[in-house]
Asker: 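Sharing a structure here in structure tokens format.
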Amino acid sequence: MLDQKLIRENPKLVEEILSLRGKDFNISHINKLTIQKKEIDIEISSLQSESKKLSKLIGQEIRNSNNPNTQELNELKNRGNRYRIKISEFEDKKRILDKQIHDEISRLPNFPSKDAPVGQSEGDNIQIKVWGDPLKKENLKTHWEIGEDLNLFDSVKSTKISKSRFITLTGNGARLERALINFMLDIHSKNGYLELMPPALVNSESLQGSGQLPKFSSESFKCDNDDLWLSPTAEVPLTAYHKNEIIDIKLLPLKYVAYSPCFRREAGSYGKDTKGLIRLHQFNKVELYWFCEPNNSLEAHLEITADAEKILQKLNLPYRLVDICTGDLGFSSSRTFDLEVWLPSNKCYREISSCSNCLDFQARRSSIRTKVNKSTSFIHTLNGSGLAIGRTMAAILENGQQSDGSVKIPDVLVPYYGSNLIKNT
RNA sequence: GGAGAGGUGGCUGAGUGGUUGAAAGCGGCUCCCUGCUAAGGAGUUACAGGAGGUAACUUUUGUCGAGGGUUCGAAUCCCUCCCUCUCCGCCA
């Protein structure tokens with residue numbers, strides 16, 4: 001949520017900054033509504049003030065007189081009644097306006113950071129760092145070929161259970177998934193993050209709070225009979241964890257790591273990545289999340305990104321760091337660094353982590369504040385995958401593949417996986 | 001799922017229609033006293049939004065789980081929803 005005051009007082013600036021996202025946003029009609037609402041507010045406020053005084057007067061009269069049914073008293077009550085009717089008319093109008101304004105503002109994305117590269121789309125993202133040597137050989141197998149050869153997962157059977165874009169991990173595949181989750185959680189926990197395991201089903205308010213609603217309802221799965229959705233990312237429950245709180249500034253930053261299954265409808269991606277582990281309706285992810293002081297989020301952003309990178313480095317997976325351009329930024333983010341892992345079968349880098357600084361955007365929506373010098377201010381939130389598990393497995397399979405068909409397990413993972421090689425069993 | 005109880009300020013807890021934004025206690029903060037980790041005294045102690053002032057501030061409205069309703073007037077009555085607790089049922 002953007003600052004309503006800023007929208008009201010400087011609409012041109014707001015439109016200008018938002019236009020960096022490559023689309024035009026019209027603020028002026030929001031402000032027209034706001035002005036209307038304000039006028040009504042003032043009206044209501046003064047009517048209420050008078051009506052309140054009148055009520056007190058009536059109360060006094062009743063206590064002072066022994067006959068509570070005099071004509072004067074009835075006159076006063078009638079006057080009060082007229083106030084009531086008038087106030088409720090104005091309140092009805094106000095309610096409608098309030099809802100409209102709130103809905104409109106909720107659909108405005110966050111401001112892109114001044115530091116984010118200006119651009120229209122993915123093609124304008126800027127590579128700022130490359131780590132490791134990308135494996136470049138001919139005749140390398142894709143991870144789904146490896147998975148099939150080594151019996152690590154089964155997508156055909158999964159369509160019987162659910163539908164396409166679901167996967168069942170089998171045997172060593174399931175074991176590797178579990179090893180990766182434990183490995184990542186351990187590293188981050190040792191690094192100062194508090195581990196949480198939040199609910200996978202979240203309510204509408206939580207999705208609204210982190211920015212998935214109202215605009216992106218078609219991206220998530222909804223439970224029919226309840227106000228509950230399957231969480232698309234742990235970012236949602238983690239933001240909601242401190243919803244409506246004022247957090248003592250001494251406790252900041254709060255750093256959380258959470259493993260969670262993630263559910264996404266992937267609407268509009270038909271035909272893309274139909275094979276393997278890259279794009280599924282359900283996948284596992286270890287998520288990093290910070291609540292920090294407003295002044296510290298720029299450094300925090302670098303830190304959270306570095307913490308995610310650490311996992312790739314320990315796993316010895318080649319990757320690059322990309323600065324996402326203004327036109328490609330997610331709805332809630334002001335600046336995003338993507339980590340992209342090398343997939344040798346495709347000869348390209350694929351997103352495996354997205355580290356975003358949302359500034360006060362989510363905190364405003366979720367009402368998460370801290371106290372600075374007696375006045376409250378919204379805190380800043382940051383999130384980063386550390387990492388997406390399925391895509392990590394894909395990268396390990398492809399980058400670790402041996403000429404004999406086996407896959408080498410990264411050294412750090414051996415204690416978790418229990419072997420240094422995945423062989424056909 | 002069935003039956004019952006309940007949701008009040010940072011916490012405990014009063015309050016069943018009229019100066020109650022809310023007693024009292026605890027805690028927090030400020031000051032006073034006290035020659036010293038005690039005791040006592042005084043004051044202060046929520047959030048959001050208007051309006052006015054450069055400003056410390058003044059004033060006003062709303063908020064007692066949420067949203068509606070009744071009433072001149074609601075924490076207090078009615079309805080819906082959410083949540084918590086107890087018992088029963090079911091269950092990993």
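Every value quoted in this text rests on a predicted model; they were computed, and no experiment measured them. Letters A, B, ... mirror the listed sequences (proteins, then strands); counts begin at 1.
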Asker: Please tabulate, for side-chain N and O atoms in residues 258-270 of chain A, each donor-acceptor pair with protein atoms closer than 3.5 Å (sequence neighbours left out).
Answerer:
unit_1 : atom_1 : unit_2 : atom_2 : d
A:Y259 : OH     : A:N284 : OD1    : 2.8
A:R264 : NE     : A:P232 : O      : 2.9
A:R264 : NH2    : A:P232 : O      : 3.2
A:R265 : NH1    : A:S218 : O      : 2.9
A:E266 : OE1    : A:R279 : NH1    : 3.1
A:S269 : OG     : A:E266 : O      : 2.7

Asker: Please give, in whole Å, the distance from B:C72 P to A:Q60 CD?
Answerer: 19 Å
Asker: Quick one: is the NZ or CZ of A:R391 closer than 6.0 Å to the six-membered ring centre of A:F283, and within 45° of its axis?
Answerer: no
Asker: I'd like the C1' distance from B:U19 over to B:G73, given in whole Å.
Answerer: 12 Å
Asker: Could you note down all residue pairs passing side chain to side chain donor-acceptor pair (under 3.5 Å) where residues 151-162 of chain A supplies at least one of them, sequence neighbours left out?
Answerer: A:S158-A:T168
Asker: Measure the distance from CD on A:Q4 to C1' on B:A48 and round it to the nearest whole Å.
Answerer: 12 Å
Asker: Runs of at least three consecutive Watson-Crick or G-U pairs, both distances under 3.5 Å, are what I'm after; which ones involve RNA chain B?
Answerer: B:1-7 with B:82-88, B:10-12 with B:24-26, B:27-32 with B:40-45, B:46-52 with B:57-63, B:65-69 with B:77-81
Asker: Each nucleotide in nucleotides 60-67 of chain B should get exactly one letter: B, S or -. Can you fill that in based on protein heavy atoms under 4.0 Å?
Answerer: SSS-----
Asker: With heavy atoms under 4.0 Å as the rule, sort A:I58 into base, sugar-phosphate or nothing.
Answerer: base
Asker: Taking ring-ring contact (aromatic ring centres under 6.0 Å, His included) as the definition, give me every residue that meets it alongside A:F337, ordered by chain and number, with sequence neighbours left out.
Answerer: A:H301
Asker: Starting from C1' on B:C83, measure out to CG on A:D226 and report it in whole angstrom.
Answerer: 15 Å
Asker: With sequence neighbours excluded, what pairs up with A:E287 under the salt bridge (Lys or Arg N to Asp or Glu O under 4.0 Å) test?
Answerer: A:K285
Asker: Rounded off to whole Å, could you give me the CD1-to-P distance for the A:I42 and B:G50 pair?
Answerer: 10 Å
Asker: Which whole-number value in Å describes the distance from A:L47 CG to B:A51 C1'?
Answerer: 15 Å
Asker: With sequence neighbours left out, what residues match A:D307 under salt bridge (Lys or Arg N to Asp or Glu O under 4.0 Å)?
Answerer: A:K310
Asker: What residues, two or more places apart in sequence or in another chain, satisfy salt bridge (Lys or Arg N to Asp or Glu O under 4.0 Å) together with A:E303?
Answerer: none
Asker: Is the phosphate of B:C72, meaning OP1 or OP2, less than 4.0 Å from a side-chain N or O of A:R82?
Answerer: no
Asker: How far does the C1' atom of B:C78 sit from the matching atom of B:U70, given to the nearest Å?
Answerer: 7 Å
Asker: Say we look at B:A38 and B:A14: how far apart would their P atoms be, to the nearest angstrom?
Answerer: 31 Å
Asker: Indicate whether any N or O donor in one side chain lies under 3.5 Å from an N or O acceptor in the other, for A:E398 and A:S345.
Answerer: yes
Asker: What integer number of Å spans the C1' atoms of B:C31 and B:C85?
Answerer: 44 Å
Asker: What is the distance, to the nearest angstrom, from the NZ atom on A:K5 to the C1' atom on B:G49?
Answerer: 10 Å
Asker: Can you tell me which nucleotide in B:C72, B:A48, B:G50 comes closest to the side chain of A:I62?
Answerer: B:C72
Asker: Would you mind telling me which of A:I30, A:N31, A:L6 makes a side chain to side chain contact (heavy atoms under 4.5 Å, CB included) with A:V14?
Answerer: A:L6
Asker: Measure from the side-chain heavy atoms of A:R8 and tell me the nearest of B:G18, B:G50, B:A48.
Answerer: B:G50
Asker: When the P atoms of B:G9 and B:A51 are compared, how many Å lie between them, rounded to an integer?
Answerer: 30 Å
Asker: Look at the side-chain N and O atoms of A:R84 and state whether any lies under 4.0 Å from the OP1 or OP2 oxygen of B:C72.
Answerer: yes
Asker: Quick one: do the A:Q362 and A:E235 side chains pair a donor with an acceptor below 3.5 Å?
Answerer: yes
Asker: Give the rounded distance in Å between these two atoms: CG of A:L228 and P of B:C82.
Answerer: 11 Å
Asker: Measuring only the P atom in each nucleotide, how far is B:G7 from B:U16? A whole number of Å is fine.
Answerer: 13 Å
Asker: Tabulate protein N/O versus nucleotide N/O from nucleotides 77-80 of chain B, keeping only pairs under 3.5 Å, one per line.
Answerer:
none

Asker: Cut-off 3.5 Å, no hydrogens considered: what does the side-chain donor-acceptor table look like for residues 182-190 of chain A, sequence neighbours left out?
Answerer:
unit_1 : atom_1 : unit_2 : atom_2 : d
A:D186 : OD2    : A:Y416 : OH     : 2.6
A:H188 : NE2    : A:G386 : O      : 2.8
A:S189 : OG     : A:L185 : O      : 2.7

Asker: Could you tell me how far B:U71 sits from B:G17 if I compare only their C1' atoms? Round to whole Å.
Answerer: 9 Å
Asker: Could you tell me how far B:U12 sits from B:G65 if I compare only their P atoms? Round to whole Å.
Answerer: 14 Å
Asker: Toward the 5' end of RNA chain B, which comes first, A:N81 or A:G59, by nearest nucleotide?
Answerer: A:G59
Asker: Can you measure A:I87 atom CD1 to B:G73 atom P for me and round it to whole angstrom units?
Answerer: 8 Å
Asker: Once side chain to side chain donor-acceptor pair (under 3.5 Å) is applied, what residue pairs with a partner in residues 108-120 of chain A remain, sequence neighbours excluded?
Answerer: none
Asker: Who passes salt bridge (Lys or Arg N to Asp or Glu O under 4.0 Å) against A:K56, sequence neighbours left out?
Answerer: none
